[in-house]
Amino acid sequence: MSAAPANPPDPASSMVPPSMATQDEWLWGWDPTPGIVSVWADRDGRALIWRRAPGGGSVTCQRDHFRPWLLLPSLDDLAQLGPRLAAADTPEASAPGAVAYRELSGPGHLRYLVSAARGRLIEDAILAGATARLGHPIARLSELGDDAVLQLPPEEQYLVTTGRTSFRDLAFDDLHRLQFDLETTGLDPNHAAIFMVAVRDNRGLERVLDVAESKLEGPAAEADVIRRLVALVRAADPDVIENHNLHGFDLPFLARRAEILRVPLALGRAGPAGLGRRPSSRGYGPWRGEAGEANPGENGPGTNGSGANGPGTNGSGGDRRGPGRFTIVGRELIDTLDAVRRYDFSARDLPGHGLKAVARHFGLAPEGREYVAGAQVYSTWLADPARVRHYALDDVTEAAGLARLLGGAAFALARMAPRRYERLADAGPATGVLDPLIVRAYLRAGAALPARPASTGIPHSGAALYLFAAGVARRIVKADVASLYPSLMRQYAIGPAADRIGALLALVDRLVEQRLAAKARARAAAPGSPERHTDEALSAAMKILVNSAYGYLGAPGLTRFADVHAANEVTRRGREVLGAICRGLAARGATLLEGDTDGVYFSVPDTWTEADERRVVAEVAALLPPLVRLEFEGRYAAMLSHEPKNYALLTYDGQTHLRGVAFRSSRAEPFGEVFLRRAIGALLAGDVPGVRAAYVETVTALRLHALPSDQVAARVRLTKTPAEYEATRSTRREAAYEAMLAVGRTRWERGEHVRIYRAAGGRPLPLLEADGAGADDAGLGASADSSPSDPREYDAAYYIQLLRASFAARLARAFTPDDFAALFDDPRQPSLFAPPLESIHPVLTPITDAPTAD
DNA sequence: TCAATCCGGGG
DNA sequence: GTGTACGGATTGA
């Protein structure tokens with residue numbers, strides 16, 4: 001089949017509101033082809049489509065052709081084509097070397113849809129025309145600037161013109177998903193080697209490859225492991241490859257080792273060996289180091305032109321712009337770290353983003369989970385290979401569980417947006433998902449696209465966020481304003497002024513409506529069933545999209561239809577609604593604690609029943625505009641409100657939930673974490689003496705050196721090489737490196753984790769790891785008993801000061817300053833004026849300048 | 001107390 | 001396809 005560019009209806013009709021059927025096409029595409037699991041296309045209009053039979057049956061590959069296309073503001077640069085430039089509906093337009101054009105409707109800037117049998121025909125013509133017009137050579141379309149051309153990657157051109165999307169009629173588990181995890185002797189692939197790979201998939205595969213299995217030694221054994229990994233992946237033939245930090249560690253490491261050892265990485269379903277690259281903004285870009293450690297030469301993984309690119313890949317020499325992701329033809333590469341970040345961006349309840357911590361948080365850790373500290377993996381393997389095999393398999397098992405738990409949203413997005421699944425998994429929702437949907441809608445409607453608005457400098461006012469009171473309150477109710485901003489956009493039809501066909505509002509409408517339906521279906525399905533997973537994932541995806549519609553408005557320079565005035569109007573209405581909610585609740589006797597666009601926390605009188613709580617929420621909800629839904633979400637026994645979006649909750653069945661960055665500290669010293677948990681538990685239970693006891697006992701234990709050193713050690717990462725630190729040492733001393741130098745260690749590896757503590761006078765020293773001193777991952781409780789050789793020469797005064805200033809401080813809002821001082825007074829020198837413990841009660845302090853910008 | 005810098009993940 | 005994060009902790013002045 002040959003897909004034609006999107007077919008415009010009569011331009012005059014595009015001003016009428018789009019029909020429901022049209023809106024659904026904008027959201028879902030229109031071609032029903034089921035089972036697409038991967039698409040690969042080139043600029044000359046060749047496409048390969050891998051499709052899986054429904055229910056997870058076999059995969060077939062089909063060839064397809066499409067007419068590459070792009071959008072231009074004028075045809076001037078194509079004029080020199082003469083008769084080879086032809087209107088799309090004329091016979092001349094279908095001649096082999098012809099460039100066809102069609103003028104789109106409306107006032108939009110990008111108004112010419114230009115297509116040809118091969119994309120290069122268009123590109124070469126434009127470059128020649130622009131070179132002649134500008135009088136200097138133009139080698140790439142990107143040199144012409146943002147508004148001079150809109151050209152999508154080939155796969156997206158294909159998906160937009162065909163109206164196809166991935167995964168129609170497939171469930172998440174129908175995809176063949178494979179996880180692999182490298183175990184290496186270190187973090188830098190220029191010096192360290194792969195000695196083991198754990199592999200599993202969702203079809204029952206579970207295998208560990210290691211260098212000991214062959215009779216080979218050294219590099220030959222490692223190369224053999226890589227070859228066996230490649231063979232195993234090809235034989236399994238998965239649609240998706242997943243792991244935690246896949247793009248940040250496993251792939252760049254594997255690519256570099258394969259390059260050094262000259263092993264071809266023929267992992268794809270077609271095309272040349274070697275990993276491809278795609279540029280990517282998110283995830284690994286802004287981070288210093290990242291795979292830069294994998295290629296410490298200069299920049300990121302996209303750098304090292306000599307890098308993992310197979311000889312056939314193109315463009316690597318030029319992309320010195322650091323960040324990038326790897327690609328494999330025919331398979332989607334999914335990094336669970338992206339899903340974790342996307343999740344925690346709104347949830348803010350993860351203790352860290354590492355695999356082990358997240359898996360434990362979600363209860364995904366397998367029974368008998370084996371833990372080995374990163375730095376000890378190789379030495380442990382030498383002594384006890386079975387233990388490391390177990391550990392590595394546990395890693396891939398957790399990665400698979402995480403992918404399934406948090407990865408559903410990206411899967412569902414790929415059923416809507418004309419983009420590869422792997423791109424949707426790491427994209428920001430506004431530019432990464434909404435923009436492609438809107439571009440597809442415009443082409444489907446035959447409407448010209450506006451130029452991208454420049455940043456106007458008009459500040460947009462930001463989301464409303466209120467902290468009304470800080471401290472401790474009881475009888476807490478959380479009322480949720482479901483998707484406040486998108487509801488307001490719908491209620492008052494606030495959309496981008498330039499959105500002539502109303503695509504953004506139509507999408508928001510469809511998303512909100514269909515999300516409610518998906519939620520209802522999920523509730524009706526059996527827990528744990530594939531149907532439920534599908535609808536929960538769909539609901540999560542739609543929530544991501546709906547909630548990014550407002551951010552889309554407020555990002556000029558980034559999104560094509562940004563409109564700061566519209567964004568500010570949404571915010572203004574939001575403040576109105578939030579104000580109405582707060583007044584309504586206060587008028588009915590509630591005490592407000594915190595409110596933002598997600599919802600409101602408030603405290604109610606002791607005499608209220610749950611029915612009273614629900615009734616009040618319903619009464620206030622009735623005061624709001626019809627499309628704004630205020631719902632009762634939950635109730636809690638007590639709350640410590642610390643800062644906006646930072647609080648602790650006690651449920652009625654006695655569980656404590658900590659939320660917000662102030663209560664997350666993966667790097668913190670274990671004794672402080674233990675103290676904080678205990679103190680907050682006592683505080684919320686109303687047990688002030690218990691808070692004091694937690695403090696006194698911790699101080700005493702420090703003073704008597706009853707705590708082992710690993711309880712006071714902080715885990716830090718050495719990101720500078722010895723030479724780099726030497727260069728900055730005179731201007732800026734850093735404890736981690738000083739600790740190394742203090743014991744005469746002048747060599748370490750970039751990325752190495754060490755634990756350090758403060759000895760007398762606050763002098764940093766490394767913690768000498770007792771051999772086999774287990775896991776170094778946060779929250780694993782470190783070791784129960786310390787090695788007998790632990791000298792415990794830590795600086796108690798330093799840690800007592802830290803306990804008060806850093807940990808106890810997070811309880812400061814719960815007491816008056818005097819009470820706080822008394823509660824966390826030095827037990828050896830109690831103040832004469834300290835109030836008796838029994839007289840101390842937690843307080844709730846109103847915040848006077850409540851409105852703040854988020 | 002304030003400004004500047006570094007951190008996040010993977011072995 | 002390009003570039004953007006961000007909020008907390010630590011360090012030195």
Side-chain angles (χ1 to χ4, degrees), chain A residues 140-142 145-146 149-154 156 181-189 191-196 243-254 278-291 293-294 315 319 321-324 335-338 340-341 344-345 348 350 352-358 372-381 388 391-392 395 399 423 428 430-432 435 452 455 555 557-558 643-646 660-668 714 716-717 719-720 728 730-736 738 749 751-753 776-777 802 805-806:
Chain A
R140 296 201 285 179
L141 291 184
S142 57
D146 238 9
V149 57
L150 172 69
Q151 185 187 33
L152 302 180
E156 296 178 19
D181 186 53
L182 304 184
E183 302 302 331
T184 68
T185 60
L187 292 166
D188 178 352
H191 306 115
I194 300 166
F195 67 89
M196 176 184 287
N243 196 20
H244 202 65
N245 206 15
L246 179 71
H247 286 284
F249 179 72
D250 298 270
L251 288 175
F253 199 105
L254 178 64
R278 72 184 156 99
S280 155
S281 50
R282 281 169 61 91
Y284 300 92
W287 283 17
R288 216 189 91 92
E290 49 103 2
E293 290 155 7
D319 73 335
R321 291 242 173 214
D335 191 334
T336 50
L337 183 55
D338 292 320
V340 164
R341 288 182 177 149
D344 203 38
F345 184 77
R348 297 168 189 255
L350 294 178
H353 294 169
L355 176 66
K356 283 81 173 168
V358 177
V372 181
Q376 265 104 55
V377 166
Y378 183 58
S379 58
T380 304
W381 181 74
V388 176
Y391 162 78
D395 267 9
R423 264 196 97 185
T431 54
D435 242 2
R452 196 188 297 246
S455 187
L558 223 61
E643 276 170 8
K645 299 198 174 201
N646 283 278
V661 281
F663 297 113
R664 137 184 345 155
S665 35
S666 55
R667 287 181 291 172
V716 295
R717 204 182 81 144
T719 59
K720 294 174 181 166
T728 59
S730 55
T731 55
R732 184 184 178 85
R733 300 215 154 201
E734 295 177 59
E738 291 304 315
E749 211 182 302
E752 189 173 330
H753 283 130
D776 59 356
D777 278 287
L802 184 73
S806 176

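Quick caveat: nothing in here was measured; it's all calculated off a predicted structure. Chain letters run A, B, ... following the sequence lines, proteins first, then strands; residues in each count from 1.
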Listed partners of A:Asp250 passing salt bridge (charged side-chain N to carboxylate O under 4.0 Å, His left out), at least two apart: none
Closest-nucleotide 5' rank along DNA chain C - winner of A:Pro153 and A:Glu734: A:Pro153
Nucleotide nearest A:Ala735 when distance is taken to its side chain, options B:dG11, C:dT2, C:dT11: C:dT11
Beyond-backbone contact of A:Asn245 with A:Asp335, side-chain heavy atoms, under 4.5 angstrom: yes
Given C:dT11, C:dG1, B:dG11, the nucleotide with the shortest approach to the side chain of A:Leu187: B:dG11
Under-4.0 Å side-chain N/O to phosphate OP1/OP2 contact, A:Lys356 with B:dG11: yes
Euclidean distance, atom CZ of residue A:Arg423 to atom C1' of C:dG1 [Å, nearest integer]: 7 Å
By ring pair (Phe, Tyr, Trp, His ring centres under 6.0 Å) - contacts of A:Tyr378 (at least two apart): A:Phe195
Gap between atoms CG and C1', on A:Asp435 and C:dT4 respectively (whole Å): 15 Å
Value in whole Å for how far the C1' atom of B:dG11 lies from CG of A:Asp181: 9 Å
Separation between the P atoms of B:dC7 and C:dG3, rounded to whole Å: 23 Å
Separation of C:dG1 P from A:Leu141 CG (nearest whole Å): 10 Å
Check: C:dG3 base within 3.5 Å donor-acceptor of A:Arg452 side chain: no
Nearest-nucleotide comparison on DNA chain C, the residue closer to the 5′ end among A:Ser730 and A:Leu802: A:Leu802
Closest non-hydrogen atom pair between A:Ala399 and A:His244, with its separation: CB-N, 4.3 Å
Nucleotide nearest A:Thr184 when distance is taken to its side chain, options C:dG1, C:dT11, B:dG11: B:dG11
Nearest-Å distance for atom pair CZ/P, residues A:Phe249 and B:dG8: 15 Å
Gap between atoms CG and P, on A:Leu355 and B:dG11 respectively (whole Å): 8 Å
Same-atom distance (P) from B:dG8 to C:dT2, integer angstrom: 26 Å
Heavy-atom side-chain proximity of A:Met196 to A:Val377 below 4.5 angstrom: no
Nucleotide B:dC6, atom P - distance to CZ of A:Arg733 in whole Å: 16 Å
Atom pair distance, as rounded to whole Å: NE2 in A:His353 and C1' in C:dA5: 13 Å
